Amino acid sequence: MATLANRLRLSSFSEMLNTSRQRRENFYGYLFLLPWLLGFLGLFLGPGLFSLYLSFTKYDVLSPPTWIGLDNYTKMFFDDPLFYTSLGRTFYYAGVGVPLGVIGSMFLAILLNAKLRGLAAYRTLFFMPSLVPIVASVVLWKWLLHADFGIINQWLVDLGWSDPPGWFGDRRWAIPSLIVMGLWQGLGGTRMIIFLAGLQGIPESLYEAASIDGATALHKLRHVTLPLLTPTIFFNMVLGVIGGLQVFTAAFVATEGGPGFATTFYSLHLYRHAFDYWNMGYAATLAWLFAFVIVSLTIWQLRLSRRWVFYYGS
Amino acid sequence: MKNLVSRRSFLQGAMAVSAGALAACVAPAAPESDMGDEGAAMEPVHLRWDTFRGIGSGWNEERIETFTEMHSDVTIELRPLAGSGQQDNYAKMYAAQAAGDLGEVVAFDPSHYHFWRAINKDIIMPIDELVAADATDLDQWFEHFLGLQYYQGQLYGFPSWGWAGFDTLVLNAVHLEEAGMDVPDPTARDVSIDTINEWAHSFYVEGERFGLNISHNEATVVVLTRLFGSSLINEEGTQCLLLDDPNATEAMRWAYDLGVVDQVLPAPGDIENAGGALVAGLLTMNWCGSLCVRNFNNQIEDESVAKAWQILFPAREDGRFPSQLRGGTWNLRTNQDHADVAYQFLRHISSHDGSLSFNLVAGNFAMVRPDVVQSLIEEDAIHEWFISSLENGIPAHAPANSRGREYTSAVQQWTDLLLDPHQPVEFEQGLQDLNDNIQAVLDLEPA
């Protein structure tokens, strides 16, 4: 009995200690979380909910919002031709640019993962374009891709293309021009670094085993590297799609949405309504629809990933 | 006993703190006007000047210094607006006004289409009473540019910058001399539309040089239609004239033939920096404004490659010169304590000395005062070239609904589509689309 009583006393004492320690830990935990939580509530959730409210109003910043129900949504779906065209152009940009970027970065990383002399210098060289400010990059590429005086068209003419593209000045080529510029800047950037990290996480023993089994370099790539890189590919695809759909700066600086709306992407259309035309309510509507599209696409990618992403050791 | 901080209670607390912090961020309500409060100017007065004009040139600081030397009880805080573009700065000023933090001295330029909106939203105040109290002579500014400062019979500011819009073809005289041709008299207005057309063809060398560049912005399209005796929209700012006035249609047909049929004009985006192309000898004529001639002249480094000249458009049948008189303004914010003092500063920056240095130091184009024009001519005789458009130009027409940004955007983008040589559209269809989309903007409810 005494033993049991002692055990109970000890248990109670230990529980008290645990509770006290847990309380203290909770307090400090929340204290350290507080700055982020304040930021989340004040700068994200609060404004986000406010913008949801604004999407049902007419609001120009200078006058109080006026409730107009679903009018903004009706306008967006039935009375704004630029809504569909800008959304289509955005999907075109992301649909072409993101796969090219991800595949390109992956192969660049594979090349730069080889054991060569001067590898650090190569990695630095390929990484450098990503450090160039977007405005400088635009100026550079507008000269390179100038329809009449640009060096790239001079080369194309020399190679026998008598009527080379008009690039930024041609509605058919304006988005490909932006994609080319984006690839130059993005291929060797952080995406490549993430792929390099992924490659270096693949156990060397798997390659050794494959070699013993007589696998060629191509076999190793196909059956070892690519399957084990799928989590990295998936990660880069998700971020790439989100970033690609949000394309704004390059078009804003390089073409201002032109020529003839050819590069009026969704974000640019939204920006104009918000900060050029002061249709904040309508801009909020566009923003919420876009958020819905991006979240839906991301969920779809997550679901799809179960079929093709392979986690080593899982 | 349960003394743990629950997640719910913690989040409730955090939300309350956030709400408190946000509430604390709300700016105090703007002070009530007490303009009539006698003796207000006797106390130390602090003014805030929100502007993006002249920033970095030293002009603003010089204006403040010379003013405060005369008024030792006044301090003026310069608050530079440094948006990525002019329009961004208006956005900042609207936001500042919404937050109750807009400076006392501001500028909402008519030619950037913000003037009327700022009045309708009660951001800037009429200054007629201050003008009367001060007995300010309003004849010191050109009538056109002062006229831009009026709305519904009341005066809201004094002119800042002002010019005749895209009223000229900036010409590289070297190309004419190389072709053995005499350069035209820069002020005679004796080069016909047909000659311009001919030169656009004859100076075009595929892959090397363009004879003529016509940008597709509103400033150019308006003067193009005026060159043919019409305009883009009516004076009231309610109707697009492209389909209703045959002269406007003819103007667009002229540009369409050059750009799409003959393909001798740069396509949209082909020439990003027309001024640079002129200096480099890649362009013979650029449709621009008198400011461009002055800048072109200042940028030339090698006179064997480029020499600044100009062609002024011929007079119209009604005797007016094709142009679009455009200008800026200096305004006073409503609801301020010391409007009389701010008004004196407004006068100081728009005076002869202020306006002259606004040109020479701040690098703006402000031909808004006859006495400044004279001083500028003494400085550089090229300024004499611009006088006729200032004296006999045609004022800008603005959308009646203050939808200026939508209007300029529609003009630019739909003119791009009409004049696109890569994917040409039928002229009639392109013009119909351009007209309809401009009209759609003019039909919007007031901003």
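In what follows, chains are A, B, ... by sequence order, proteins preceding strands, each numbered from 1. Everything numeric here is computed off the predicted structure, so don't read it as measured data.
Between Arg171(A) and Asp416(B), no side-chain nitrogen of the basic residue sits less than 4.0 Å from a carboxylate oxygen of the acidic one, so the salt-bridge criterion is not met.
Taking the six-membered ring where the residue is Trp, the centroids of Phe83(A) and His269(A) are separated by 6.0 Å or more. In this structure, Phe115(B) has its ring center no closer than 6.0 Å to that of Tyr151(B). Between Tyr266(A) and Tyr271(A), the gap from one ring centroid to the other reaches at least 6.0 Å.
When heavy atoms are compared at a cutoff of 4.5 Å, Leu418(B) does not approach chain A at all. Contact annotation for Gln412(B): neither backbone nor side-chain heavy atoms come within less than 4.5 Å of a heavy atom of chain A. With a 4.5 Å cut-off on non-hydrogen atoms, Asp122(B) does not touch chain A at all. For Asn279(A), the part lying near chain B is the side chain, with the backbone staying farther off; criterion is any non-hydrogen pair under 4.5 Å. With a threshold of 4.5 angstrom between heavy atoms, Asp276(A) approaches chain B through its backbone and through its side chain.
With rounding to the nearest 0.5 Å, the separation of OG in Ser137(A) from CH2 in Trp184(A) is 5.0 Å.
With chain B as partner, the option from Tyr277(A), Trp167(A), Trp173(A) having the largest number of non-hydrogen pairs under 4.5 angstrom is Tyr277(A).
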